[in-house]
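Have a look at the structure below before the remarks.
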Amino acid sequence: MSIKGNLREASLPDVIQLLSLGKKTGVLSISDRKNFGDIFFQDGRITYCSIVNREDRIGQILLNQGDIKEEDLEKALQIQDDENNNRRIGDILVELNAITREMLYDRIRKQLTDTIFTFLTWEDGFFNFEPNIKPGEETITIKLYPEDILLEQARKVDEWSVIEDELPSEHSILMTTNIVDISNLNENEKAVLKLINSRRILKDIYEKSHLEKYETAKAVYGLKKIGYIYVGEEVDATSMISNKEKINEHYNLGLAFLLTEMFEEALREFKYIVQIDKANAIANFYIGMINFRTKKYTDAMKAFEDLLKLGVNNVALFNNVGLTLEKLGQYERAEDFYERALKLDPENARVNANFGILSFHQNILSDAEEKLRVALRINPGMNYARFFLALVCLENGKINEAIDEFLKVTKKDPGIWHVYYNIGQIYINLEKYESAEYMIKKAMDNSDRDIVCYKSLIDLYFKDKNFKKAEALLEEAILIHQKEFDFFYKLGNLKYKKADKKHAIIYWEKALLLQPENMILKKTLDTVKNG
């Protein structure tokens, strides 16, 4: 099962330890609202980490750190391309003797621990664990015990807040002063000093350093404090990359946020793209989709209309415009866009299904049935279309056919509680109370005890005059749904019916707290109390 939470409510180290102790396999996605990254686990051990839009390709990492030459990487990439397979670049470089297996794994471990360190500095944001997801086949993984990494990084994170305040921007150029004696420097400071050549920005120094990010930053901090280096001009980060690269960065982040349902953050990234390129159809489409999913239908329609003005003419857009117009209650316009979509692709199951559902809501049952059956002919596994087909059959009085269609839905997805609930209502109308009870109980079990199921089953017991079961179910219902007037009122009535005046008064008084202006209940209470 997935695990979600807020980094302010549950610390990242605690979450990592929980997954480690549970020997979980999957991916833990983390975001500080501006950045997004993943930690992959296998049987509770960390195998790989990455941050969206940060360089994590092992070939480039090895090149940046001077472990391999540019011609080594080009040769490895050519071999990979010629063989047309997913053989990993790291493995090819080892076979070419460009690097040892030990050095390869050492660099991967450095990249992994650097990334974990960065995650641990994020104090605010969200996390989401999805089980049984693994890195891509091209990724070289290692296995590290989380507790070892956490112990190693905990001290560094505590010290980071002090160091970070004294560090310049990552886009600041670092420059050396007139150094005469370096004998008083430690080995890390000497190594970092060699990388500072009055041209490199701090970000480049992090990437080229053989040290972990924290150790590199600490060395920079130390060198700056003793006056061996000073901070030069700050390079405009946006001027360093092309518009195409900027768009790719925002697009990657937008998709990452969208996949974990961080809609506000995803929307922000796609809006950035539109600021750079107003005619970017993909970004506008995602803006419309996100607004639709967050029920901001007017904003969704505006984004889709912008696409139409750009001349976008495809099935996906017409279908989504139709869905949005339907939500806005503009049924005739929605029909028009579904028809336009079907002219482009008459055999599109999704459009036929959505058009059929619109017809059902308009009570045009013959059209609804025709379109839903077309959708199911094209894609028999389209469960939501089958659900609405069952509702159409029910409205047309085809009771047995409606039940058959509902049961087909449950075979494909037994967790859809609304289906069991609807079958239960059919059986209630047919006065088949035993079958109705079975179906509504299944609906209740799959709906996490939804109030609608309680109400239906309680009404069923009253109709069947099974007051003992009704009383027991009401006592259970008020523990979960404590603000439902009818539950307390009906339970009071049943207690009074059993001559249990004491408990009848207790439940009626609780009901009156929920509806203090209910005069009938007030009179009933006065009568019983004074009787």
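Heavy-atom basis, side chains included; hydrogens, waters and symmetry copies ignored. Everything quoted here is computed from the prediction, not taken from an experiment.
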Flag for [Y]-[X]: side-chain donor and acceptor within less than 3.5 Å:
X: Thr47; Y: Thr141; value: no
X: Thr25; Y: Gln42; value: no
X: Tyr338; Y: Asn348; value: no

For residues 335-353, the salt bridge (charged side-chain N to carboxylate O under 4.0 Å, His left out) pairs (sequence neighbours left out) are Glu347-Arg377
So the salt bridge (charged side-chain N to carboxylate O under 4.0 Å, His left out) pairs with at least one residue in residues 301-321 (sequence neighbours excluded) are Lys302-Asp306
Taking only residues two or more places apart in sequence or in another chain, which ones pass ring pair (Phe, Tyr, Trp, His ring centres under 6.0 Å) with [X]?
X: Phe360; answer: Phe388
X: Tyr297; answer: Phe292
X: His418; answer: none
X: Phe387; answer: Phe406

Point to revise | Side-chain (Thr294) to main-chain (Asn291) donor-acceptor, under 3.5 angstrom | key: yes
Polar side-chain atom of Gln111 near backbone of Cys49 as donor-acceptor pair, under 3.5 Å: yes
[Y] side chain reached by [X] side chain, heavy atoms, under 4.5 Å:
X: Arg101; Y: Leu104; value: yes
X: Leu19; Y: Ile3; value: yes
X: Leu62; Y: Ile99; value: yes
X: Met175; Y: Ile229; value: no

If the condition is salt bridge (Lys or Arg N to Asp or Glu O under 4.0 Å), which residues does [X] pass it with, not counting sequence neighbours?
X: Lys190; answer: Glu187
X: Arg107; answer: Asp67
X: Glu123; answer: none

Ser209 and Thr216 have their tightest heavy-atom pair at OG-OG1, 2.8 Å
dist Leu120:CG -> Leu7:CG (nearest 0.5 Å) comes out at 10.0 Å
Output for pair (Arg333 CZ, Glu326 CD), nearest 0.5 Å, gives 13.5 Å
Could you go through residues 251-280 and list every donor-acceptor pair under 3.5 Å that involves a side-chain atom there, pairing it with any protein atom two or more places apart or in another chain?
{"residue": "Asn252", "atom": "ND2", "partner": "Asn53", "partner atom": "OD1", "Å": "3.1"}
{"residue": "Asn252", "atom": "ND2", "partner": "Asn248", "partner atom": "O", "Å": "3.2"}
{"residue": "Thr260", "atom": "OG1", "partner": "Ala256", "partner atom": "O", "Å": "3.2"}
{"residue": "Thr260", "atom": "OG1", "partner": "Phe257", "partner atom": "O", "Å": "3.2"}
{"residue": "Arg268", "atom": "NH1", "partner": "Arg33", "partner atom": "O", "Å": "2.8"}
{"residue": "Arg268", "atom": "NH2", "partner": "Arg33", "partner atom": "O", "Å": "2.4"}
{"residue": "Glu269", "atom": "OE1", "partner": "His250", "partner atom": "ND1", "Å": "2.8"}
{"residue": "Asp277", "atom": "OD1", "partner": "Ala279", "partner atom": "N", "Å": "3.2"}
{"residue": "Asn280", "atom": "OD1", "partner": "Ile282", "partner atom": "N", "Å": "3.3"}
{"residue": "Asn280", "atom": "OD1", "partner": "Ala283", "partner atom": "N", "Å": "2.9"}

CG/Asn6: more than 12 non-hydrogen atoms of other groups inside 6.0 Å:
yes
Residue pairs meeting ring-ring contact (aromatic ring centres under 6.0 Å, His included), one or both in residues 130-158, sequence neighbours left out, come to none
*Taking the six-membered ring of Phe41, is the NZ or CZ of Lys24 close enough (under 6.0 Å from the centre) and on axis enough (within 45°)?*
no
Checking Asn184, Thr176, Thr177 against Tyr228 for side-chain hydrogen bond (donor to acceptor under 3.5 Å, both in side chains), the one that qualifies is Asn184
Note to self: Assess the residue pair Asp413 and Tyr384 against the criterion (side chain to side chain donor-acceptor pair (under 3.5 Å)); give the C-alpha distance rounded to whole Å, side-chain angles, the decisive distance to 0.1 Å, and a yes or no.
What the structure shows: CA-CA 10 Å; Asp413 189 349; Tyr384 73 92; over 6 Å; no
Residues pairing under side-chain hydrogen bond (donor to acceptor under 3.5 Å, both in side chains) where one sits in residues 313-324, two or more places apart or in two chains, turn out to be Asn319-Asn354
With the threshold set at 4.0 Å, does a side-chain nitrogen-carboxylate oxygen contact exist between Asp124 and Arg8?
yes
Review point. Salt-bridged, Glu215 to Lys110, with N to O below 4.0 Å?
Key: no
